[in-house]
Structures are given as C-alpha cells and as structure tokens.
K.L.:
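Before I ask anything, here is the structure I am working with.
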Amino acid sequence: MEELATKYSFDDIEEKWYNFWLEKEFFHARKNLSKTPFSIVIPPPNVTGILHMGHALNNTIQDILIRFKKMNGFESLWMPGTDHAGIATQNVVERKIAREGMTRQQLGREKFLENVWQWKEEYGSTIIRQLKRLGCACDWQRARFTMDEEYSDAVIEVFIRLFKKGLIYRGNYIINWCPRCQTALADEEAPHKEIDGFLYYIKYPFKNSSQYLVVATTRPETMLGDTAVAVNPKDLRYNDLIGKTIILPLIDREILVIADDFVDPEFGTGAVKVTPAHDQNDYLMGKRHNLEFINIFSPDARCNELSGDYAGSDRFEARQAIIEDLKERKLLEKVVAHKHTVGHCYRCHTVIEPYLSKQWFVKMKPLALPGIEAVEKGDIKFHPQRWTKVYLNWMQNIQDWCISRQIWWGHRIPAWYCGKCNSQLQVYLEKGTGNNAEISLDEINVLSDIEPIVSKEKPCCDKCGSAKFMIQDPQVLDTWFSSWLRPFATFGWPFTSCKPHALGGKLEQNEKNKTGLQKEELKYFYPTTVLVTAPEIIFFWVARMIIAGFEFMQNAPFKDVYIHGTVRDDSGKKMSKSLGNSIDPLEIIAEYGTDALRFSLVSNTAIGQDVFLSKEKFEFGRNFCNKIWNASRFILMNLDSEELGGYAKEKIKKENLALAEAWVLSRFYSTLKQVNIALDNYRLNEAANIIYEFFWHQFCDWYIELAKLSIENTQTQAVLFKIVEQSLRLLHPFIPFVSEEIWQKFKPGCGSILEQSWPQLDESFINEKLETNMQIVIDVCTAKRNLRNENNYKPKDIIEQAYIKVDSLEAEKVLIECQDYIKKLAKVDKIFISQENIDMGYSQEFASCSTANTLITIPVKIKIDAEREKQKFESQINEISNHILRKDRLLNNENYLKKAPSHVVEKEKQSLDELKQELEKLIKIKDAIE
RNA sequence: GGGCGCGUAGCACAGCUGGUUAGCGCAUCUCCCUUACAAGGAGAGGGUCGUAGGUUCGAAUCCUACCGCGCCCACCA
C-alpha cells in the first residue's frame, strides 16, 4: 500500500478525475426507455461571463441533483450551453475595438460581427472551462449556443409563428432607451433605482398676461418638448385656467392648459408639464388629448435641432443650462431636494431615457394564460413556495414585450421591405448597403411605416414580384427571445435545419437519422424535471420559458422550479464585482479545492435563503474533506490491500455484530434515510449536514476509535470498509473529486463511483434499542472524560480505574459487554461494574459523576473537595427539580391530558419517571457526601 | 404605494406541518502533539429565540401590532 499524505491534497486530482469522467462519457445522456429521465437545463451563462460565486452556488446545486439522480438509476441529463448576450457582448467587443481606436460604425456591421464572432471563439468558452473546474456533470456534447445555426432556426421559426398568429406587432410607444448602448430595452431590463434628485418649480407665463402657472418637474430639460400643461379637472384652484394659453419659456411655443384625471392635485403644485414624447404618462395624456409629440433628443440623448439653443448639448448639460437660463429670467421659483426612482440600463447602468419610437412587441396577455393556470394548478411548483406569488403577480399583470434591439449582435428580425416599391427606401438602396445595412433609428422609424413581409429567407415582393430589392429589418431580437426556447430548442426543435439543400433536394440519410433521433430525445427528456435558478431571472427567463413551453410544445418546460438565494458577503451586501466585495470562486478552488468550495457553499445554503459568505467559511468544507481523507487513510492502512475485493463481497451478518458495529450500521442507515428525504425535497444543506454529522461525529469519533480494538478482526474490517465505501457514495454528489479519489483506492479497477448505485436503504439495520444501549456507553465515557476535565486533574493525579454503579440489570449487561470500549475511550485500565446501591462508596479519594443510568467514580490521588462536590450535585438536583416541577404541572393539567395526543403524553410521563428516578439517585449521592 | 424575506449565543446560521431540558459551525476558555487526522482530539462557558399582545393544554414555531434590516414590483411629474 502506497503511503498517503496526512493532508488531503487536491492538486492534480481534480483535473484527472474530470477528464476520466469525460472520457468515459458519464455525463452523456441518451434516450433509454428502461430508465426514467431526469433532466435539467442550465441557466445559460453569458459568453462574456466569468464564474462568480452565484454561478458556483447555482451549478453546484444542479450538479448535486444530477449526480444524485444518476446514482439512483435515472437517465440524468444536464443540458449546458451559453447565451450570446446581445448587449453585454456587443459592449465588450465595442470596448475592445475602442482600445484599437475604432468604433463599430467605422467598421460597419459585417466587419463588426466578424469581430464579435472572433471574440466569442477566443473568450466565449472561459465560463465553460470554469464550470468544468467546478466539477459540473454537464452533457457537453449537447452544448448549444443561442446563435448556433440550428438554434437560430428555432428563434426565427418562433418569430414567424407568433407573427402569423398576430401576436407580434410593431408599435410606436415610449420605450426604455439606453443612450449609451443605443438600443431599446424591455421593462425588465430597465430596473428602477432610487436617486437623490430635485424637484424644480418653474413658472410658465400665460399669453398676454403677467400671470403664470407654476409646474414642478424632476427633469426640467424635457420642457423643450412640452406640448401642454395639465391640471386635475376637480382641482378648484385651476378650474378657470383650463383652456388658457401658455407661452412655453425658452422656446416660446404656445401650449394649452388641459384637464386630465391623471394629475394628482396633492403633488407639487398640482400642475404638470406634459412632454408626450419623453414620458410614459405624458405619452398617454398626449394620446388622450391629441397633443403634438415632439422628440427633442437624438438617440445619444443629446438635444436635437428641435430643442432651440440647446441643440447639441447632452441631456444633463442641457438641464444645468436650462436651470441657469430660467433663473436669469426669474422663472425658477424654487428647487427642492426630492428622492425619486429612475430606470437604469441593466447592462451599463446608464440612466434610461423614455423615448418614443417604433418597436417590435410580443402580445403577452394571451400567451401567459396557460402558464398562469399551470402554476395555479400546481403542475409547476416553485421551491420555496413563496415565489409562486411573485410569478403569478407578474404574469397576471404582464405587459407586452419589446423584443427589438437596435444593436448588431443577435438574431436579425426576419422582416423584409422592398426598396423598389417603397419610395422612402430609395435613398437607402442607393447607399448600396443591402443586407448589411446600417440603418439609423430614424430610418427604422421609416421602415416601421411599411408593411413587412416576415420570412426566414429573402422573399419576393408582393407587388413587384422580385426579391432583388428586398431589405431586411436591421434590428435584432432581445437575447431572451432566444433563451426562452432553451428547454426544447436545444434538442434541435423545430427540426428544420436539415432542409433540402443543394444535393438534389434530398436529405442525406444520416441527417435524416439525426433529426429522427433528436425528435425522440426531445420527447423523452421534455418536459425537463427541475429548473434551478436565482430569483433575479424569474421574469426574464423562468416565466418566459413557461410561456414558450406551452405555446410551442403544448406543455410546461419543467415541473419544479428551485429558486435559491442570492450570494452575499458577510455584511449582507450582494456580491458583485462593482462593489468589490466578491470572493472569486476560482481563488477558493485554488486555495481550498473544489470540493471544499462546494461543500461549504451547500451546507451554508438553506433552501431559498440568501447565502452569506466570507473566506473563512470555506475552511469548513476543507476541514471536512481532510477528515474524510484521513479516516479513509486509516482504514486503508488497516485493511488487507490484497483482499480489498473480498471486503466488498463480505456479507455482514446482523446476528454476529458487536454493539458498536451494529450501532454504526444503524446510524448509517438512519442517516441514509434522512438524506434521501432531504434530497428529494431539495433540502441540500440539510442533507450535507446530516452526512457531515454522521461521518465525523459518529463514524469517526466513536466507531473508528472502537474499531481499533478489533482492527485485526475481518468482520470489523468489513464494517469499516462498508461504511466508508457507502458513505463515499453519499458524499459523491457534494464532493465529487475527493470521493472519487478515495473510492478508487477502496475499489480499484471498478470503474467510477459515479456509476455506482446509491446505497439501498435497509431499515432492518435501524435499531433504536441498540442505539440506546450504545448511548449508555457513550454517556459513561463522556462522564469519565468530564470528571477529569472539570477538575483539571493532571494525568499523575488519576488512578486510571473506574467504578461504575448501574441502576438496572440491563445497563449492567451492556456495560459489562462493552468494558473494552470504555477502557479505550475513557482511558481507564480497570473497570468495576456493579449493580448495587448507587449511593454507596463516597469518599474523599474518589471523584464522582452520574449519568442517566450510572454513577461513575474514579479514584484520585489528591483529596476531593467535599463542598465543591456537593455543590456540583446540588446544582444538578436543582436543574432536574425544575424540570420535574414543570412536567408535574403539565401532567396534572386536565386540559393537557384531554387534548394532547396520547403519544406525546406517554412520552412526557415516561420522561417524568426517568427524571424522578434520577433525582432520587442524585439526592442519595449528595447525601452520602459528608 | 403594494408584495416578500429576515431579526435565535461575540459572529454567521439551522430549527420542516406548534410537543423532551432550543442546535451546528466559527470565535473564546481549559486540557491533550494518545502511532488516521493540530485542517486534529477531549471538555467548558455563552441564548428570557427583536418588542408587546393574542390563539393554544403547550409558542422560537401560528395570529396581530410595533421596532429594526434587506430585497422585489409600481407611471406620482
């Protein structure tokens, strides 16, 4: 047997086993009708992503479930992949080329996209490599990227289907515009944050009058686009002003005072400036009152030619300038500090500009209905349950989804316009920019007035019949418009990519087979079993996947949704790169090992609760891995290395077992039982902690120590072998690397631990009586150790003998049988066990201590302080008397006896009896001290 | 404005549908380098479970209010 290091070293081991698993294709799942499928679709990381603690937690949870189910005989599929992450990736590449002194506009669409693809090839798999380091058992052969050809087909197909159903439309609305990314954003992509701003009170003078109306606004710069002032019709202060004309300061436009219920008389002055092109509410008011929509900004949020003297200045510069100018004209009444919420771009955090533009939308209300019903009926369950409400609330109030983005990286919208038949597009054709056209936002707005032909391939124009002048819509789709198809698009749905092509219009045979197989696999694995994700993307992704599942597959995409908590630092702040408080999982892996990271993470994660982390917490997992390593090392050292195979076969016969052996087996199987329940209910932390407790504090602390007494014995060896080998299987999903490494030493040449079956629960080993008996032994040992510690005896003060007096024949029997255990664990040479008056034998040469069934005395060479000894027992007596008092009262309570379940009462009675006995015993002992 | 979560030992957390004397880890203190493991072993101390009511035979657990902390959603300019 090779010498093993006394410290577990994870260097080299992790990569070695990961490659081994890959080579053996353990992560690859196939349709297998003899097995039940278990499948998970990974929340696809962005290609720009690097592994952070949130990923580490999310993927560890999934990996545990995947490995657990695989060992339980399921066909376990973990479908991986990455998202193209339109805006995020485009931003990264734009920054990169900016360092080279270029802009994407200078490069042009085609060249820029080449750059992005290049970047993706180079860096896009970073996160995949990192997931591998984490040990993820993903079926990498199936990895799909949202921009893969096959996947893109699904995206386009879905767009076309929804369009044909009338569920995709174009509309002119106020959308969230990010002036930095220069694209529209969905509502979910523009989270509102509270900011400290000001409320500016501005005087709006009436025409031909010295009077004015004061309006309050947080964004004075938008006044350049004002086309009315609104008051509440019920507001008596302003009633007679309705219909009057105001001269809009700075720009000298005549606007009217209108009446609208929207206006809250309580807020500000009760008079609101109305900017229909730059505010959601004002837009609606504009519609109601037929106001003019004046867009004063260009897409980069600079004032445009409609903003008079301010043209060309940035929106925030314009704000300052306008304030100054208003002050100068004595039109600024006052400025008050004011907190309000403002939308921010979820990618670059720039303040959103509400912007009137023509965009593509998905009509969500009808699509959401089956997804609402499924959750209400419980066909899809959230864990923990509370997220159900969050989901339902969003689904029931769902807004139409803005899916067009004015960026280049993404799936291009399959809408076409004929440049020949639409005179507005002539200019555009003349530019000769064709399919890779770079179209400005204004031009997009022009396009939006033209009826498109929606088609995957370039279509022929309805009017002129030619495809020659067809121009494709330059916009791309929201990344989530591809992500929401993941549970089925990853299987090749809708299976159109093997279209008849050049070769005589026939499918090649293997292509045909491939499609057939994919269809069967989709049927087999869909719906997937569980989705594991963070609360942040319930709306972005979870809800939309459910919608897509019902719309395109007529079925929910998964049955369970496990929402885990957010990873926070130990002061409760969300871990993020920008806050600089993140702990890099790769650093932890390097320092403590992957298994330590995983085990620490999981044992710290109560279901659905946020996880608070600090670096020290990872020592917990590391120490445990080391403990497992050393326990295994000890066992290996004592097994016959030539005969390892024999231990595996050795049948353990219950009737021949010594108490400790029977006990540890009983403990093992109850542990297994509890672990199974916990894992079936997604309570991973509980499962981890139960195994931890068993392995360390029962198996190692007690059984291994006792096994040393009979380590030469084959049966002891067989028990050690069995427990450690089976425990490693339980541990494997949590700590795959170290469990494999050690398991291989116990069962060399037997494949992988991952192929082994999960331990079968054999309840016949679970025996309460036996656990009680073992507890007597444990109590005695603990008491003896205690005696020594509490009196602070030095070794020389003690004569290593113990006199144990027991109060029952049964306990006596157990203790006599287990003398050797006590000698070993309590460190005594001689034991005298007797069932006699427990109060006898006090003397100043003996220290004493009582347990539930015994009184233990040990001879010491120094004199016992009788007073102290007496006090010790007195305080015990006090404590027990209090319990007795309480229980007496309880058991004398008629209502209790009537209403409490009988087993509870029985237990209570029994416990009272025991306490009374113990009290009696303690009193006797105390009285004997004198 | 609505919704959700959390306040349990110095710190960070468990405690599942209410039922023994409320637990784990870290930290602290004492002893021990006992030939698997000092990343270890043996022990100890430390909590009126945020506050106040209520329901109940019985409350950390259920209800109500309040006080703190955090998150999410919402068009109050």
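Naming: A, B, ... by sequence-line order, numbering from 1 per chain. The figures here come from the full heavy-atom set of this structure, side chains too, leaving out hydrogens, waters and symmetry mates.
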K.L.:
What about A/E705, does its side chain sit under 3.5 Å from the base of B/rA36 through a donor-acceptor pair?
P.N.:
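When only heavy-atom distances are counted, A/E705 does reach the base of B/rA36 through a donor-acceptor pair under 3.5 Å.
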K.L.:
Which of the following nucleotides, B/rA12, B/rG40, B/rA36, is nearest to the side chain of A/N630?
P.N.:
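Of the options given, the side chain of A/N630 lies nearest B/rA36.
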K.L.:
For the side chain of A/K827, starting at C-beta, report the closest nucleotide among B/rA36, B/rU34, B/rA39.
P.N.:
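Nearest to the side-chain atoms of A/K827, counting from C-beta on, is B/rU34.
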K.L.:
For B/rG43 and A/R785 - does any side-chain N or O of the residue sit under 4.0 Å from the phosphate oxygens OP1/OP2?
P.N.:
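Answer is yes, contact under 4.0 Å.
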K.L.:
Is the A/F540 ring parallel, tilted or perpendicular to the A/Y346 ring (thresholds 30°, 60°)?
P.N.:
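Answer is parallel, since the angle falls under 30°.
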K.L.:
Using a 4.0 Å heavy-atom cut-off, does A/N626 contact any base of the nucleic acid, only the sugar-phosphate backbone, or nothing at all?
P.N.:
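Base contact.
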K.L.:
What is the nucleic acid contact for A/L915, judged by heavy atoms within less than 4.0 Å: base, sugar-phosphate only, or nothing?
P.N.:
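Since a base atom lies under 4.0 Å of A/L915, the category is base.
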K.L.:
Give a yes/no on whether any side-chain N or O of A/K708 is located under 4.0 angstrom from OP1 or OP2 of B/rA36.
P.N.:
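Looking at the OP1 and OP2 atoms of B/rA36, one of them is under 4.0 Å from a side-chain N or O of A/K708.
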K.L.:
Do the side-chain N or O atoms of A/T782 get closer than 4.0 angstrom to the phosphate oxygens (OP1, OP2) of B/rG43?
P.N.:
yes
K.L.:
What integer number of Å spans the C1' atoms of B/rA60 and B/rU21?
P.N.:
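To the nearest whole Å, 15 Å.
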K.L.:
Are the aromatic ring centres of A/Y692 and A/W696 under 6.0 angstrom apart?
P.N.:
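When the ring centroids of A/Y692 and A/W696 are compared, they turn out to be within the sub-6.0 Å range.
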K.L.:
Provide the distance between the two C1' atoms, one in B/rA27 and one in B/rA12, to the nearest whole Å.
P.N.:
11 Å
K.L.:
Who does B/rC69 pair with, Watson-Crick or G-U, both distances under 3.5 Å?
P.N.:
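Its partner is B/rG5 (Watson-Crick or G-U wobble, both distances under 3.5 Å).
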K.L.:
Taking A/R219 first and then A/E353, would you say they form a salt bridge - that is, a charged N and a carboxylate O separated by under 4.0 Å?
P.N.:
yes
K.L.:
So, does A/N393 get its side chain near the phosphate of B/rG2, meaning an N or O under 4.0 Å from OP1 or OP2?
P.N.:
no
K.L.:
Within the pair A/K7 and B/rA39, is there a side-chain N or O less than 4.0 Å away from OP1 or OP2?
P.N.:
yes
K.L.:
Would you tell me if any nitrogen or oxygen in the side chain of A/K389 comes within less than 4.0 Å of OP1 or OP2 on B/rC4?
P.N.:
yes
K.L.:
Between A/Y8 and A/F737, does the ring centroid distance fall short of 6.0 Å?
P.N.:
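No; A/F737 has its ring centre 6.0 Å or more from that of A/Y8.
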K.L.:
Taking any strand in view, what nucleotide pairs with B/rC13 in a Watson-Crick or G-U wobble way, both distances under 3.5 Å?
P.N.:
B/rG23
K.L.:
When you compare B/rU61 with B/rA52, how far apart are their P atoms, in angstrom units rounded to a whole number?
P.N.:
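To the nearest whole Å, 13 Å.
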K.L.:
Determine: side-chain N/O of A/K627 to OP1/OP2 of B/rG41, distance under 4.0 Å, yes or no.
P.N.:
yes
K.L.:
Should B/rG53 form a Watson-Crick or G-U wobble pair with both distances under 3.5 Å, which nucleotide is its partner?
P.N.:
B/rC63
K.L.:
Check every strand shown and say whether A/N604 touches a base, only sugar-phosphate, or nothing at a heavy-atom separation below 4.0 Å.
P.N.:
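Nothing: the residue A/N604, judged by heavy atoms under 4.0 Å, touches no strand.
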K.L.:
So does A/H697 get a side-chain nitrogen or oxygen closer than 4.0 Å to the phosphate oxygens (OP1/OP2) of B/rG25?
P.N.:
yes
K.L.:
Would you indicate what A/C700 reaches in the nucleic acid, counting non-hydrogen atoms under 4.0 angstrom: base, sugar-phosphate, or nothing?
P.N.:
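Counting heavy atoms under 4.0 Å across all strands, the contact made by A/C700 includes a base.
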K.L.:
Give A/V390 one of three labels, base, sugar-phosphate or nothing, depending on what nucleic acid heavy atoms sit under 4.0 Å from its own.
P.N.:
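No contact at all - A/V390 keeps every heavy atom at 4.0 Å or more from the nucleic acid.
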K.L.:
Taking the basic N atoms (NZ, or NE/NH1/NH2) and the acidic carboxylate oxygens, is any pair closer than 4.0 Å for A/D560 and A/K381?
P.N.:
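No.
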K.L.:
State the pairing partner of B/rG18; accept Watson-Crick or G-U wobble contacts with both distances under 3.5 Å, and report none otherwise.
P.N.:
none
K.L.:
Nearest 0.5 Å please: distance from the CG atom of A/L912 over to the NE2 atom of A/H883.
P.N.:
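Rounded to the nearest 0.5 Å, the CG-NE2 separation comes to 12.0 Å.
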K.L.:
So, does A/H340 get its side chain near the phosphate of B/rC75, meaning an N or O under 4.0 Å from OP1 or OP2?
P.N.:
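For B/rC75, OP1/OP2 do not have a side-chain N/O of A/H340 under 4.0 Å.
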K.L.:
Does B/rA42 have a Watson-Crick or wobble partner in any strand here, with both distances under 3.5 angstrom, and which is it?
P.N.:
B/rU30
K.L.:
By nearest atom, which of the nucleotides B/rA77, B/rG40, B/rG19 is closest to the A/N623 side chain?
P.N.:
B/rG40
K.L.:
Looking at A/W696, does any N or O in its side chain come under 4.0 Å of the phosphate oxygens OP1/OP2 on B/rG41?
P.N.:
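Yes.
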K.L.:
If you only use heavy atoms from C-beta on, which nucleotide in B/rC76, B/rA36, B/rG41 is closest to the side chain of A/R633?
P.N.:
B/rA36
K.L.:
Just call it for A/R683: base, sugar-phosphate, or nothing, with non-hydrogen atoms closer than 4.0 Å on any strand.
P.N.:
base
K.L.:
Should A/N685 be listed as having a side-chain N or O under 4.0 Å from OP1 or OP2 of B/rA14?
P.N.:
no
K.L.:
Between A/K334 and A/F198, is NZ or CZ placed under 6.0 angstrom from the six-membered ring centre and within 45° of the ring axis?
P.N.:
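No; the conditions do not both hold, so A/K334 does not lie above the ring face of A/F198.
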K.L.:
Sort out the partner of B/rA74 for me: Watson-Crick or G-U wobble, both distances under 3.5 Å, none otherwise.
P.N.:
none
